[in-house]
S.K.: 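Before anything else, here's the structure in question.
All chains are named by letter (A, B, ...) in the order of the sequence lines, taking the proteins before the strands, and each is independently numbered beginning at 1.
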2 protein chains.
Amino acid sequence: MNDHIHRERGLEQALLLMQKAGLKRTKNREVLLELLTCEHGPFTIEEIQKKLKRDALDLVTVYRCMQAFEKASLVRRCDFGDGIARFEYQGDEAHHHHHVICIECRRTESLEGCELPKLESKVKRLGYSSVRHSLEFFGVCKHCSS
Amino acid sequence: MNDHIHRERGLEQALLLMQKAGLKRTKNREVLLELLTCEHGPFTIEEIQKKLKRDALDLVTVYRCMQAFEKASLVRRCDFGDGIARFEYQGDEAHHHHHVICIECRRTESLEGCELPKLESKVKRLGYSSVRHSLEFFGVCKHCSS
DNA sequence: ATATGTGCAAACGTTTTGCAACTTC
DNA sequence: GAAGTTGCAAAACGTTTGCACATAT
């Protein structure tokens, strides 16, 4: 189906971006990028490893690949304030967005849109370069408050 | 001087709030609150302990007090994405604000103002309760970019 | 007198590092 | 064959927990 073809495209594109960044194409990285381009959520390192249990990647390998992917801007690191890093595929269009995190069950949703250019330019006026920001919402979701 | 008197006031008020929250007034907590009401920045646990070296608080004690203070809303926990918790005094007026963090030297500045009520209400419409958000800016500061 | 706070040591969970073997280009 | 990647074991890091002793109300 169309959907299936899109996924293949996404993966091929990711692999291309990866090689353009000087990273070698290995089986491990193929499997990792396949997962990340197909499933959306931000995942912890452990979640990623568990989802790939058939391929039995070492945890350390997942860590190192995520670091490499992050440096290559293939992946975005999300910090939800619980001391566990999460990663999310980030194609060529940056597609900047934020998340809502339930402080009880840690379920997450994506939030489209984000209008805070004022603060951003304030920061630049303060003399900072390479400015980026992270905005996360925390709350108790429907499932947990009932 | 006036400034000095203000500080005393701040500390007395903090101690009052602390006791109102059911926490006992101990020498350790006095010293901690004195530091937190006088100096502004968000501090890591280790920074706090080092600044109080004369009083030689155990690291664990600092951890536990900060937890207690956070629960009592005396202190705000800041997560700057480097896996190290930071704490900042937060008087009775919540005085909501954000920070700019230099991604090289970790120096921080406070940012007044914050207009993102739209996203906040979007989150509430999604069914979340007790919604809070954290917004942090990251960049390379003047000192580091030269 | 009771509940709360403290210091020390030891554990915890996530992440990083060292190194020898292996794979990609 | 040179550079980069992997798995394993071990370390590092910030943080939390258990427990006996001390202190505040």
S.K.: How long is the span from the OH atom in B/Y89 to the CG atom in B/L74, to the nearest 0.5 Å?
M.R.: 5.5 Å
S.K.: Over how many whole Å does the gap from A/L32 atom CG to D/dT6 atom P extend?
M.R.: 8 Å
S.K.: Please report, rounded to the nearest Å, how far the P atom of D/dG14 is from the CZ atom of B/R77.
M.R.: 15 Å
S.K.: With side chains defined as the heavy atoms from C-beta onward, is the minimum distance between A/E47 and A/L35 less than 4.5 Å?
M.R.: no
S.K.: Starting at CD1 of B/I84 and ending at P of C/dT14, how long is that distance when rounded to a whole Å?
M.R.: 17 Å
S.K.: Which comes earlier along DNA chain D counting from the 5' end, the contact point of A/G22 or that of B/E46, where each point is its nearest nucleotide?
M.R.: A/G22
S.K.: When you measure from the side chain of B/I45, which nucleotide among D/dT15, C/dT16, C/dT6 comes out closest?
M.R.: D/dT15
S.K.: So B/A85, base contact, sugar-phosphate only, or nothing? Heavy-atom distance under 4.0 Å.
M.R.: sugar-phosphate
S.K.: Are the side chains of B/F80 and A/D79 in contact, using a 4.5 Å heavy-atom criterion?
M.R.: no
S.K.: Whole angstroms only, please: what is the CG-C1' distance between B/D58 and D/dT16?
M.R.: 13 Å
S.K.: Polar atom pairs between nucleotides 18-21 of chain C and protein, under 3.5 Å, N or O only, would you list them?
M.R.:
from	atom 1	to	atom 2	distance (Å)
C/dG18	O6	A/R64	NH1	3.4
C/dG18	O6	A/R64	NH2	3.2

S.K.: Okay, side chain of B/R77, backbone of B/V75: is any donor-acceptor separation there less than 3.5 Å?
M.R.: no
S.K.: Take atom CZ of A/F43 and atom P of C/dT14, then tell me their distance rounded to the nearest Å.
M.R.: 17 Å
S.K.: Does C/dT15 have its OP1 or OP2 closer than 4.0 Å to a side-chain nitrogen or oxygen of A/Y63?
M.R.: yes
S.K.: How long is the line joining CG of B/L33 and C1' of C/dG5, in whole Å?
M.R.: 14 Å
S.K.: Side-chain contact test, heavy atoms from C-beta onward, threshold under 4.5 Å: evaluate it for A/T108 versus A/P42 and give yes or no.
M.R.: yes
S.K.: Please determine, for the side chain of A/R29, which listed nucleotide (C/dT14, D/dG14, D/dT5) has the closest atom?
M.R.: D/dT5
S.K.: Just to confirm, is there a sub-4.0 Å distance from OP1 or OP2 of C/dT23 to any side-chain nitrogen or oxygen of A/N28?
M.R.: no
S.K.: Should A/V60 and A/F69 be regarded as members of a common hydrophobic cluster, given that ILVMFWY residues are connected when their side-chain heavy atoms come within less than 4.5 Å of each other, either directly or indirectly?
M.R.: no
S.K.: When you look at A/M18 and A/L15, which way does the side chain to side chain contact (heavy atoms under 4.5 Å, CB included) test go after all the steps?
M.R.: CA-CA 5 Å; A/M18 181 184 81; A/L15 289 167; 4.1 Å; yes
S.K.: From CE of B/M66 over to P of D/dG14, roughly how many Å is that when rounded to an integer?
M.R.: 17 Å
S.K.: Hey, could you give me the CG/CZ distance between A/L32 and A/F43, rounded to the nearest 0.5 Å?
M.R.: 11.5 Å
S.K.: N/O contacts under 3.5 Å, protein versus nucleotides 22-25 of chain D?
M.R.:
from	atom 1	to	atom 2	distance (Å)
D/dA24	N3	B/K24	NZ	3.4
D/dT25	OP1	B/R25	N	3.4

S.K.: Is any side-chain heavy atom of B/R76 closer than 4.5 Å to one of B/H97?
M.R.: yes
S.K.: Atom CG of A/L59 to atom P of D/dT6: distance rounded to whole Å?
M.R.: 14 Å
S.K.: Hey, what do you get for OG1 (B/T61) to CG (B/L52), rounding to the nearest 0.5 Å?
M.R.: 11.5 Å
S.K.: Please state whether the phosphate of C/dT15, meaning OP1 or OP2, lies under 4.0 angstrom from any side-chain nitrogen or oxygen of A/Q67.
M.R.: no
